[in-house]
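First comes the structure, then the notes that go with it.
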Protein chains: 2
Amino acid sequence: MPTREQAKQARRDAIITAAVRLMRARGDAGFSMRALAEAAGVSIATPYNLFGSKQAIMLAVLDAGMARYEDHLDRLEADALDIFFEAVSLAVELYGEAPKFHKAVLFAAYGDGGRDHRAVFGDPRFLFWKGRVDQARDAGLLESEIEANALALALSQQFFICILEWAYGQIGLDELESRVHYSFALLLKGAATAAGAKRIAPRIRPLQQQLTRFWADAPLPLTADKSA
Amino acid sequence: MPTREQAKQARRDAIITAAVRLMRARGDAGFSMRALAEAAGVSIATPYNLFGSKQAIMLAVLDAGMARYEDHLDRLEADALDIFFEAVSLAVELYGEAPKFHKAVLFAAYGDGGRDHRAVFGDPRFLFWKGRVDQARDAGLLESEIEANALALALSQQFFICILEWAYGQIGLDELESRVHYSFALLLKGAATAAGAKRIAPRIRPLQQQLTRFWADAPLPLTADKSA
DNA sequence: ATTTGGATTATAACGCGTTATAGCTTTAGC
DNA sequence: GCTAAAGCTATAACGCGTTATAATCCAAAT
């Protein structure tokens, strides 16, 4: 039991705990490395020694929260096709429980330096989608020629960018869900067998109706305020 | 001829010109508001008076460059379906002419504050995609029930996030092109009529082969270096 | 020609992420 | 128990985007 390593780990935990606490309390505003160090009862230099950068800390916080998401995911019992949409809805639900927190973490993990954004949606999440693609293909819902990596990547990216728009405050959680569902429906239908396409097709029209309802207020979805 | 306004416009132009020059010369590195002000022969406060923020300046630079893209786009004479893919290839080509510059601009326009990223792919670009969706639908290639805004948005986003990955140095221009083409093929096929789907389908397999070739080096597309 | 007033200037300052330096505490090895 | 070193602390500093302040300039109106 190396006491040295214990103390280091304790400090590490204290920093992550303090980060979560600060984020949940005040969101992104007022969260700085200096504030974090003070809240963790530690010098400003220590977080850099233990994590390297603010972004690394945010990724650690994000991963801690993602563990919970993956627990829920494992418990999801859904059809090989429905699982795609339910996984999205589950994430939306979890985000909704602590939106300020998740927005702040996502924004900090992605927005500031930005370079490591594949880490935000890296290994575990991507592998999840890939696994579902494989299952859907085995179930005869997707074309056998479809490459799981390629489709999973497209799904991941579409999910990711919608989450970013939400984190940046440009859309609400409900629109996030509809948008991702819509993109997923199109992507999956594009890769689907005739049988799969028949099952996905009915999803499209209602999703479009929901989306146009969202956009009834804001005339054009991508138009910035200035030219509205 | 209000001399006052002329002088202001001259200053504005000097700033944009200096920004472009600096970006083309050294890329993102060494480009700061202080360096920009000095290069433009202007005080540090002036860019803020005239543009408001660094991001606004970057968006202005980006828009200046985009005008050229749109000129080329207008001259593109392609089939209602092929146009989607050729428009992407055209953008890739233009990026390739001055990659350092475009990366730096995109990164600065999007990456730093990040909040206005819809402005990066705002009005003009989005409207372009929407117009093409309308045309493809009129040509009987897309289902008549497809909502142009919704599909155009999905296309825009998919394009945008791949561009971001390129700007962040995580993929090359060739992979960028393949990825966007692949996503476009799936999305469009998902929204296509039987006739449209028949035309898009042959694109998918070659694109997948190209993508897997890219990924032969880097085992998993989304995996960060650490866990490779 | 003189006044007026809006814009630019120089400059200092703020908080940010990050890094470097020097000193101190505390653990590990003898 | 003593020494050596690892790791934290305190602190200053750097460059960044951005803002505020006061001085200054110069076109515009009288």
Side-chain angles (χ1 to χ4, degrees), chain A residues 1-19 22-23 26-61 104-105 107-117, chain B residues 1-16 18-19 22-23 26-61 104-105 107-117 119:
Chain A
M1 54 184 89
T3 337
R4 198 117 217 179
E5 209 59 34
Q6 276 181 1
K8 181 182 282 193
Q9 192 56 44
R11 264 182 292 262
R12 232 190 281 264
D13 293 345
I15 289 171
I16 295 293
T17 304
L22 279 179
M23 285 292 200
R26 295 202 297 274
D28 197 32
F31 179 87
S32 66
M33 289 301 269
R34 287 169 177 86
L36 170 61
E38 190 179 5
V42 109
S43 162
I44 173 71
T46 302
Y48 287 98
N49 289 334
L50 297 180
F51 293 91
S53 69
K54 181 183 187 181
Q55 190 179 210
I57 294 174
M58 287 306 122
L59 289 177
V61 169
V105 174
F107 186 77
Y110 181 81
D112 71 12
R115 275 149 189 115
D116 265 341
H117 76 285
Chain B
M1 56 184 88
T3 335
R4 198 116 215 177
E5 209 61 32
Q6 277 180 0
K8 182 182 279 192
Q9 192 56 46
R11 255 172 251 128
R12 232 190 281 265
D13 293 344
I15 289 170
I16 295 293
L22 279 179
M23 285 293 198
R26 295 201 297 273
D28 196 32
F31 179 88
S32 67
M33 290 300 270
R34 286 169 177 87
L36 170 61
E38 190 179 2
V42 110
S43 160
I44 172 73
T46 303
Y48 287 98
N49 288 334
L50 297 181
F51 293 91
S53 69
K54 180 183 187 180
Q55 191 179 208
I57 294 173
M58 288 304 121
L59 289 177
V61 170
V105 174
F107 186 76
Y110 181 83
D112 70 13
R115 273 145 190 119
D116 265 341
H117 76 286

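Protein chains get the first letters and strands the later ones, always in sequence-line order, with residue 1 at the start of each.
Rounded to an integer number of Å, the gap from CG of D28(B) to C1' of dC16(D) is 12 Å. Following rounding to the nearest Å, R11(B) (CZ) and dA27(D) (C1') show an atom-to-atom distance of 11 Å. Between R12(A) atom CZ and dG7(D) atom P the separation is 11 Å, expressed in whole Å. Summarising the geometry, the separation between NZ on K54(B) and P on dC16(D) is reported as 9 Å, rounded to the nearest angstrom. Spacing between atom CD1 of I57(B) and atom P of dT18(D) amounts to 8 Å, rounded to whole angstrom units. Protein atom CE of M33(B) is 20 Å distant from nucleotide atom P of dG15(C), rounded to whole Å. Computed from coordinates, the E38(A) CD to dT11(D) P distance equals 13 Å when rounded to whole Å. Rounded to whole Å, the distance from CZ on F51(B) to C1' on dG17(D) is 16 Å.
Which of dT18(C), dT8(C), dC8(D) sits closest to the side chain of Y48(A) comes down to dT18(C). When each of dT9(C), dT9(D), dT18(D) is scored by its nearest atom to the side-chain atoms of A45(B), the top-ranked nucleotide is dT9(C).
Side-chain contact between T46(A) and R11(A) is present, with at least one heavy-atom pair separated by less than 4.5 Å. Side-chain contact between R12(A) and Q9(A) is present, with at least one heavy-atom pair separated by less than 4.5 Å. A 4.5 Å side-chain heavy-atom check between I16(B) and F51(B) finds at least one atom pair inside the cut-off.
Between K8(A) and dG7(D) there is a side-chain N or O to OP1 or OP2 distance below 4.0 Å. Regarding contacts with the backbone of dC16(C), a side-chain N or O of S32(A) is found under 4.0 angstrom from either OP1 or OP2.
In E38(A), the CD atom is not crowded: 12 or fewer heavy atoms of neighbouring residues, nucleotides or ligands sit closer than 6.0 Å.
Residue side chain R34(B) reaches the base of dG17(D) through a donor-acceptor N/O pair under 3.5 Å, judged by distance alone.
Judged by closest nucleotide on DNA chain D, N49(A) is the one of N49(A) and I44(A) placed further toward the 5' end.
To the nearest 0.5 Å, the span separating CG on L22(A) from CD1 on I15(A) amounts to 12.0 Å.
Note on L50(A): only backbone sugar-phosphate atoms sit closer than 4.0 angstrom, heavy atoms only; bases stay farther off.
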